[in-house]
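Scroll down for the structure; my scribbles are underneath it.
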Amino acid sequence: MAREPLRLLRATAQRARTAAVSPIRRFRRPSQTSSRSPSPAASPDAAAFDPSALDPTLRPRPLVRAAGLAAVTVLGAWIGLLVVGSVHISVGPMDTRMALRPSLTGGTKINVAPLGALELTSHHAPLRLDVDVDRLDPIRSQALVDHPERLSGLQDEVASDVTRGTLGLAVRSCVAVVFGATALGLAVYRRPRRALAAGVLALTLLTASGGAVYATWNPNSVLEPRYSGLLSSAPSVVGNARSIVSDFDVYQRELARLVTNVTQLYEATSTLPAYQPDPTTMRVLHISDVHLNPAAWHIVQSLVRQYKVSVIIDTGDTMDHGTAAENGFLDPVSDLGAPYVWVRGNHDSPSTQRYLAQRKGAHVVDNGQVINVAGLRITGIGDPQFTPDRSSAAAGDAAEHSAGRRLAEAIRDRKATGAPVDIALAHNPIAARETDGTVPLALTGHVHHRRTEVLPGGTRLMTEGSTGGSGLRAVDDGTPDTVQASVLYLDRDTRRLQAWDEIDLGGLGLAKAEISRHLPAENRPGATPAPTTP
């Protein structure tokens, strides 16, 4: 069975060679293939006879031969990269393995076992750079512990190690693809020239891919990484929003920061280090649409601890039917570890709102009322519709537009007094759109999937997914919905959004997470700073 693919390749190559053979030779008898010169008196009709005219399958097929050679080249180059196309190199106190792998999207993937992986959109090419952190070297780590002054030079050391490893990887990859394609070509065609052609073609393809990597290389991709792994370790690996925004020499510095953070994680073993907050940055945890899922409170507590969250904002639909029997579900909000700001959703009743307003640490916003929590001026309006109540017909989008206009008017009145609002809340995005131009940031929920956009008037509208995974009923279809939440980083002085992390949990569990860092366009290196309005 193991020889079957090789046998098929040989058969394909043999058919291509047969199709390329002269049809006249295939119709000659052995006695006619002697070295005698053709008779001058030979019939013109006989000389013009072309058996391929009778059988089209006898015609040469250059495209088939080229396709076969390309398939052998690509497969052989891939095998070569898998077998010998990697290098082991020490990066700071880490022993790593670097390799190139075929990919449709490109990019860089840094695997930090057992904590997870970082994915960077570093380039667009048919090659992906994989960096596997194999282990922490105890001798080099102990040297850093004994001589902490060496940490000051760790960034230069890491940059030098990565440069050396990349050059070594490039040379080894060239050898790997040439060896793999040539070896497979020789096994399939059994002709040195064809095998050598496969090796040359493999080297050409790798060189072209390397050129594409160079042309599309984006060192700023480290500003917006995608992290997947254990939720508790993510904040330390992802880093700090303000420092990332302010660093322009991003590639070397952030790579060194990554290695340093991973070192700390390994040293701490089971007790992973907490995220150290920047005193100039406020952290807002945005959740929505919990829908009576009790697991959501545990998720929120974990995020509050790891990210040192300043305030929690819930944009509604915490309940499912809004009945008095459900009110007890809200009791944990007093123990989440941060102030809890809430706006009513279409599944939350007035009874829900009154009960929550009495909970310690909870702040309810409605009818344009402005509250000051953790230094942020926040306002909002409850959803005008209560859809579980079938005794009255839903008013539809018109009611949402009307509520949004009332909220916008309240924000304008507040701004006229010299106390502008920082964040506006509404459950339905339709209502929040009416606040465009009156407030820098509007937060909503309702649609159970995440979306971020900048409205024409300059307001950034951020719609959160379901932090409850659409509630416990989401498991009915066998595939629980993704649990989603976001951590927003705001400047403490200007209260402007600096960056945000989008957090996705598979199903209803906490064992695995994906975290994506995002920056507003105005905060990326070289961008024009955002205006101070609205």
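Starting from 1, each residue takes its place in the sequence as its number. All values reported here derive from a predicted model rather than from experimental measurement.
- Here the straight-line distance linking atom CH2 of Trp297 with atom OG1 of Thr318 works out to 5.5 Å at 0.5 Å rounding.
- A donor-acceptor pair under 3.5 Å links the side-chain atoms of Thr379 to the main chain of Gln369, judged by distance alone.
- Using a 4.0 Å cut-off between charged nitrogen and carboxylate oxygen, Lys415 and Asp413 do not count as a salt-bridge pair.
- Atom-to-atom distance recorded for Arg128:CZ and Thr108:OG1 is 9.5 Å, nearest 0.5 angstrom.
- Taking CD1 of Ile371 as the reference point, atom CG of Leu425 lies at 8.0 Å (rounded to 0.5 Å).
- Residues that satisfy the side-chain hydrogen bond (donor to acceptor under 3.5 Å, both in side chains) test with Arg97, not counting sequence neighbours, are Asp132.
- Rounded to the nearest 0.5 angstrom, Arg405 CZ and Ile381 CD1 are separated by 11.0 Å.
- Qualifying side-chain hydrogen bond (donor to acceptor under 3.5 Å, both in side chains) partners for Thr435, counting only residues two or more places apart in sequence or in other chains: none.
- A search for salt bridge (charged side-chain N to carboxylate O under 4.0 Å, His left out) contacts involving Arg412 returns Glu409, not counting sequence neighbours.
- Contacts of His286 classified as ring pair (Phe, Tyr, Trp, His ring centres under 6.0 Å), with partners at least two apart in sequence or in another chain: none.
- Residues passing the ring pair (Phe, Tyr, Trp, His ring centres under 6.0 Å) test with Tyr355: none are found, sequence neighbours excluded.
- Annotation: His291 is in aromatic contact with His448 [ring centroid separation under 6.0 Å].
- Taking CG of Leu336 as the start and OG of Ser302 as the end, the distance is 12.0 Å to the nearest 0.5 Å.
- Shown here are the side chain to side chain contact (heavy atoms under 4.5 Å, CB included) partners of Ser349, two or more places apart in sequence or in another chain: Ser351, Thr352, Phe386.
- In terms of the salt bridge (charged side-chain N to carboxylate O under 4.0 Å, His left out) criterion, residue partners of Arg359 (sequence neighbours excluded) are, by chain and number, Asp331.
- Here the straight-line distance linking atom CD1 of Ile423 with atom CD1 of Ile378 works out to 5.0 Å at 0.5 Å rounding.
- Formation of a donor-acceptor pair under 3.5 Å by the Asp436 side chain with backbone atoms of Thr459 is found in this model.
- Checked against side-chain hydrogen bond (donor to acceptor under 3.5 Å, both in side chains), Glu453 has the following partners two or more places apart in sequence or in another chain: Arg433.
- A donor-acceptor pair is defined here as one N or O able to donate and one able to accept, closer than 3.5 Å; such a pair exists between the side chain of Thr417 and the backbone of Arg414.
- Applying the salt bridge (charged side-chain N to carboxylate O under 4.0 Å, His left out) criterion to Asp335, with sequence neighbours excluded, gives no partner residue.
- Residues Arg496 and Asp422 are not paired through a salt bridge, judged by the lack of any N-O separation under 4.0 Å between the basic side chain and the carboxylate.
- At least one donor-acceptor pair closer than 3.5 Å links the side chain of Thr467 to the backbone N or O of Gln484.
- Every salt bridge (charged side-chain N to carboxylate O under 4.0 Å, His left out) that Asp366 has, sequence neighbours left out, goes to Arg344.
- With hydrogens and angles left out, the side-chain atoms of Ser122 and Asn218 include no donor and acceptor closer than 3.5 Å.
- Within the structure, salt bridge (Lys or Arg N to Asp or Glu O under 4.0 Å) pairs that include any residue of residues 373-384 do not occur (at least two apart or interchain).
- Ring geometry for His446 against His427 counts as perpendicular: the plane angle is over 60°, on a 0 to 90° scale with 30° as the lower cut.
- The ring pair (Phe, Tyr, Trp, His ring centres under 6.0 Å) test applied to His123 returns Trp217, not counting sequence neighbours.
- Thr216 places a side-chain N or O within donor-acceptor distance of the main-chain N or O of His124, the cut-off being under 3.5 Å.
- In this structure, the side chains of Thr444 and Glu464 stay at 4.5 Å or more apart for every pair of heavy atoms.
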